Enquirer: 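Sending over a structure as structure tokens; questions will come in a sec.
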Amino acid sequence: MKAYIFPGQGAQFSGMGADLYEKSAKAKELFERANDILGFSITEIMFSGSAEDLKQTKVTQPAIFLHSVILSKVLGNDFKPDMVAGHSLGELSALVANNTLEFEDGLRLVSQRALAMQKACEITPSTMAAILGLEDELVEAVCAETEGTVVAANYNCPGQIVISGETTAVEKACETLKEKGAKRALLLPVGGAFHSPLMEPARQELAAAIEATKFSNPSCAIYQNVSTTAVTDPIEIQKNLVFQLTAPVKWTQSVQNMLKDGASSFVEVGPGKVLQGLVKKVDRKIETSSAAI
């Protein structure tokens, strides 16, 4: 069984998607439609903008989504997923790829998500940090004992977890985790505390948009960040997506469940190879590759 996986924020690079635009008429048409929907030329920034240009919140998330989704569309008959999953933002790419969401609806939700998250980031000084080399339970316990808001936000692979919350609380938790033997406790260059309670204003704002969007029966199961198990019911998919902003990304658990359910290879669709590396940390023998036209 073939699993297709879709990357999240951080996978962007200057020049992303330009080859798709040049090689495929279908890709060109979808990119131009995206420019119209967003109201600005995202293709110009993706194809020739600087790394700094791509870091703009209104650009980053739609850019990664477009690269992933348009690549899946131009693969045509070669794109036959038995199951899909996406890391954070990538979940929306996966939902378009398995026909739960229409392309236009997915892009609008991604754009609204990016702007809502940016607003939430401006309310409280907040950040995230990568913790390497400790058991998940120990990281969770330290977060629970630390004064202020700090939680486990991304379970990326065994021995790699990201924490998220108020800047002072994250810094304090990092100090404690280093004392407890963490190989690294590294603050990340992000705009705020994604996948933490501090994203509640964004969750509320996005919930209304998600609930007003049509979710169809998917062509294959999605393993969502919140539930980690195979989901095919559109109403359940919708509910999980609403809670995703304030809940942790349980990527390790999702990959483990996909393997348990018969995944024999993982294909990453979109920019970068980060997810392939994380899958290999779960099972180093599993076959991984990048989608390409």
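In this text, all values refer to a predicted model and were calculated from it rather than measured experimentally.
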Enquirer: Please report the shortest heavy-atom distance between P271 and E268, naming the atom on each side.
Expert: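 Minimum heavy-atom contact is O-OE2, 4.2 Å.
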Enquirer: Could you give me the CA-CA distance, side-chain angles and deciding distance for K26 and E29, then say whether salt bridge (Lys or Arg N to Asp or Glu O under 4.0 Å) is met?
Expert: CA-CA 5 Å; K26 185 176 181 65; E29 186 245 315; 5.3 Å; no
Enquirer: For residues T228 and Q253, is any side-chain donor paired with an opposing acceptor at under 3.5 Å?
Expert: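 Q253 and T228 do not have a side-chain donor-acceptor pair below 3.5 Å.
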Enquirer: List the atom of A152, the atom of C143, and the distance in Å for their closest heavy-atom pair.
Expert: N-SG, 4.1 Å
Enquirer: Can you tell me how far NE2 of H195 sits from CE of M128, rounded to the nearest 0.5 angstrom?
Expert: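 M128 CE to H195 NE2: 6.5 Å, rounded to 0.5 Å.
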Enquirer: Give a yes or no on this: more than 12 heavy atoms of other residues, nucleotides or ligands lie within 6.0 Å of atom CD of E135.
Expert: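 Atom CD in E135 is not crowded, with 12 or fewer foreign heavy atoms closer than 6.0 Å.
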Enquirer: Side-chain donor-acceptor pair under 3.5 Å between S50 and D53, yes or no?
Expert: yes
Enquirer: Counting only heavy atoms not in E137, do more than 12 fall under 6.0 Å of its CD?
Expert: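 Yes, enclosed.
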Enquirer: In terms of relative ring orientation, are F6 and F79 parallel, tilted or perpendicular, with 30° and 60° separating the classes?
Expert: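 Ring orientation, 0 to 90° scale: perpendicular.
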Enquirer: I'd like to know whether CD of E287 has more than 12 heavy-atom contacts from other residues, nucleotides or ligands below 6.0 angstrom.
Expert: no
Enquirer: With a 6.0 Å cut-off (strictly less than), is the heavy-atom count around CD of E44, excluding the residue itself, greater than 12?
Expert: no
Enquirer: Tell me if the NZ atom of K28 is crowded by more than 12 foreign heavy atoms within 6.0 Å.
Expert: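 Open.
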Enquirer: Does F40 have more than 12 heavy atoms from other residues, nucleotides or ligands lying within 6.0 Å of its CZ?
Expert: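 Yes, the 6.0 Å shell around CZ holds more than 12 heavy atoms from other groups.
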Enquirer: Counting neighbours of CD on E102 that are heavy atoms of other residues, nucleotides or ligands and sit closer than 6.0 Å, is the number greater than 12?
Expert: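 It does not: E102 CD has 12 such atoms or fewer within range.
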Enquirer: Hey, is NZ on K280 packed in by over 12 heavy atoms from elsewhere, all under 6.0 Å?
Expert: yes
Enquirer: In a check of side-chain contact (heavy atoms from CB on, under 4.5 Å) between E91 and each of N225, V226, V249, which one passes?
Expert: N225
Enquirer: To the closest 0.5 Å, what do you measure between CG (L66) and NZ (K73)?
Expert: 12.0 Å
Enquirer: Grab the two heavy atoms, one from A94 and one from G86, that are nearest each other, plus how far apart they are.
Expert: CB-N, 4.1 Å
Enquirer: Starting from F243, can I reach L109 by hopping between I/L/V/M/F/W/Y residues whose side chains sit under 4.5 Å apart?
Expert: no
Enquirer: Please determine whether side chain to side chain donor-acceptor pair (under 3.5 Å) holds for the pair Y21 and E32, giving the CA-CA distance in whole Å, both sets of side-chain angles, and the decisive distance to 0.1 Å.
Expert: CA-CA 9 Å; Y21 188 93; E32 293 297 349; 2.5 Å; yes
Enquirer: Nearest heavy-atom pair of S164 and A153: which atoms, and what distance?
Expert: CB-CB, 3.5 Å
Enquirer: Check whether any side-chain heavy atom of L107 lies under 4.5 Å from a side-chain heavy atom of F65, and answer yes or no.
Expert: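 In short, these two side chains touch, coming nearer than 4.5 Å.
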Enquirer: Check the pair Q9 / Q61 against side chain to side chain donor-acceptor pair (under 3.5 Å), numbers first and verdict last.
Expert: CA-CA 6 Å; Q9 204 157 335; Q61 295 192 25; 3.0 Å; yes
Enquirer: Supply the atom-to-atom distance I293 CD1 to S72 OG, rounded to the nearest 0.5 angstrom.
Expert: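 Rounded to the nearest 0.5 Å, the CD1-OG separation comes to 12.0 Å.
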